[in-house]
Amino acid sequence: MPELPEVETVANGVHARICGERIEAVWLGGKPEPFKTEPAAMAAALTGARIAGVRRVGKHIVFDLERELAAGAETSLVPQWIVHLGMTGRLLVVDPEIPRPKHTHAALSLSSGRELRFVDARRFGRLALYPAGAPSRSANHTGLNQERSPGGSAAEGFRGPGREPLTISADDFAALFRGRKLAIKAALLNQSLLHGVGNIYADESLFRAGIRPATPAGRLSRTRLARLHAALQAVLRAAIELGGSSISDYVDAAGVRGFFQLEHKVYGKEGEPCAVCGTPVRRTILGGRSTHFCPRCQR
DNA sequence: ATACCGACCTGTCAGC
DNA sequence: TGCTGACAGGTCGGTA
């Protein structure tokens, strides 16, 4: 479901609502739930912690936590709580009186009396702890992908599997694709290269850059990659501005739908005339994913 | 190492 | 109305 702009919208919304609150109690659903971390360990780490901040890293939502200590004690290291929404995951901040909807997998009771819920029908979402002060090596332990950070084992916390599309330079962006034979669209979707880009924004940025999705990534000229870099950042920023794309049931932490779907040029537009040249938008399958492009504008 | 493909789940919607 | 099959914004593990 959610890609970078939607995850950013959710993270910002949750941050604004619950930053500074203490987690009083933790409920985790039974059965085969989407926990990468053992539920008992996760509940123990969360209970009593204070939420210092909520932010997006790639498509992951990172909860920075703090723990109050007895006077004089040294600052303890606290793990981070990592939430991945998968396709249908939602994070909601609600009154606990409201009945928990079907497919609720976690509920955190907060000091304000409200409840933070993780609801995910399709169960592609994931909840995990990222150990405090963990260098990049601990990825296997948590089951979370993690970019290898060269050298320094500084406790920067979770950094995600790949590079951040909004801040990567055009040169570094181009370097990601050097020598690669896979389709540029598949490369954009590869989270260990660039994290946060999903099917919608891959299609939309390739359209705006005038690049055919099936083009081998390593064959694109410097100039065209520069155009793609600019298009991708522009599309992501515009989408964040509009609160993301609501295709079916995506809503932010307050239940508000995004509006970027109104700006889609090719995604979900099969057969409709291209907004630029009028040629019908074509849909194919690439890397197992539905792919949309204008056969005239994208070469 | 790189690239491809099916599997994982449930819900929804089009078509019969 | 009800059934069936295709499809959905994401990742992961196995295979070539």
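Values below: all heavy atoms of this structure, side chains included; hydrogens, waters and symmetry mates excluded. In what follows, every chain begins at residue 1, and chains take the letters A, B, ... in the order their sequences are listed.
The nucleotide whose nearest atom lies closest to any side-chain atom of A:Gln191 is, among C:dT11, C:dA8, C:dG10, C:dT11. Set against B:dG11, C:dA8, B:dA3, the side chain of A:Leu182 has B:dA3 as its closest nucleotide. The side chain of A:Glu3 sits closest to C:dG10 out of C:dA8, B:dT10, C:dG10. Relative to the side chain of A:His84, the nucleotides B:dG11, C:dA8, C:dG10 differ in distance, and C:dG10 lies closest.
Rounded to an integer number of Å, the gap from A:Leu194 CG to C:dG10 P is 13 Å. As a whole-Å value, the separation of A:Arg56 CZ from C:dG10 P is 14 Å. C:dA8 atom P lies 11 Å from atom CG of A:Asp203, rounded to whole Å. Nucleotide B:dT10 holds its C1' atom 9 Å from the CG atom of A:Asp120, rounded to whole Å. Rounded to an integer number of Å, the gap from A:Asn199 CG to C:dT11 C1' is 13 Å. Atom CG in A:Leu188 sits roughly 13 Å away from atom P in B:dA3 (whole-Å rounding). In this structure, A:Arg90 atom CZ and B:dT10 atom C1' are separated by 14 Å, rounded to whole Å. For A:Arg283 and C:dA6, the CZ to P distance is 13 Å, given to the nearest whole Å.
Annotation: C:dG14 and B:dC9 have their P atoms spaced 15 Å apart (nearest Å).
For A:Arg180 (side chain) and A:Leu176 (main-chain N/O), a donor-acceptor pair under 3.5 Å exists by modelled atom type.
Taking 4.0 angstrom as the limit, A:Arg126 places none of its side-chain polar atoms (N or O) nearer than this to OP1 or OP2 of C:dT11. In this structure, A:His103 reaches the B:dG11 phosphate: one of its side-chain N or O atoms is under 4.0 Å from OP1 or OP2. When the side-chain nitrogen and oxygen atoms of A:Arg289 are compared with OP1 and OP2 of C:dG10, one or more of them lie within a distance under 4.0 Å. Within the structure, every side-chain polar atom (N or O) of A:Thr88 is placed at least 4.0 Å from both OP1 and OP2 of B:dT10. A sub-4.0 Å separation between OP1 or OP2 of C:dT11 and a side-chain N or O of A:Lys59 is present. Residue A:Lys102 places at least one side-chain N or O under 4.0 Å from the OP1 or OP2 atom of B:dG11.
The shortest side-chain heavy-atom distance between A:Ser245 and A:His264 falls under the 4.5 Å cut-off.
Nucleotide B:dC9: unpaired (no Watson-Crick or G-U wobble partner with both distances less than 3.5 Å).
We find that A:Arg208 and A:Glu204 are joined by a salt bridge, their nearest charged nitrogen and carboxylate oxygen being less than 4.0 Å apart. Ion pairing between a basic and an acidic side chain is recognised when a charged N comes within 4.0 Å of a carboxylate O; A:Arg114 and A:Glu21 show such pairing.
Judged by distance alone with a 3.5 Å cut-off, no donor-acceptor contact links the side chain of A:Arg180 to the base of B:dA3. The base of B:dC9 lies outside donor-acceptor range of the side chain of A:Arg123, with no N or O pair under 3.5 Å.
Taking a centre distance below 5.5 Å and an interplanar angle below 30 degrees as the stacking criterion, A:Phe124 stacks against the six-membered base ring of B:dC8.
Taking a 6.0 Å sphere around CZ of A:Arg237, one finds it holds more than 12 heavy atoms contributed by other residues, nucleotides or ligands.
Among the protein residues, A:Gly288 comes within range of no part of the nucleic acid, since none of its heavy atoms lies under 4.0 Å from any strand.
By the 30° and 60° cut-offs, the orientation of the rings of A:Phe158 relative to A:Tyr130 is perpendicular.
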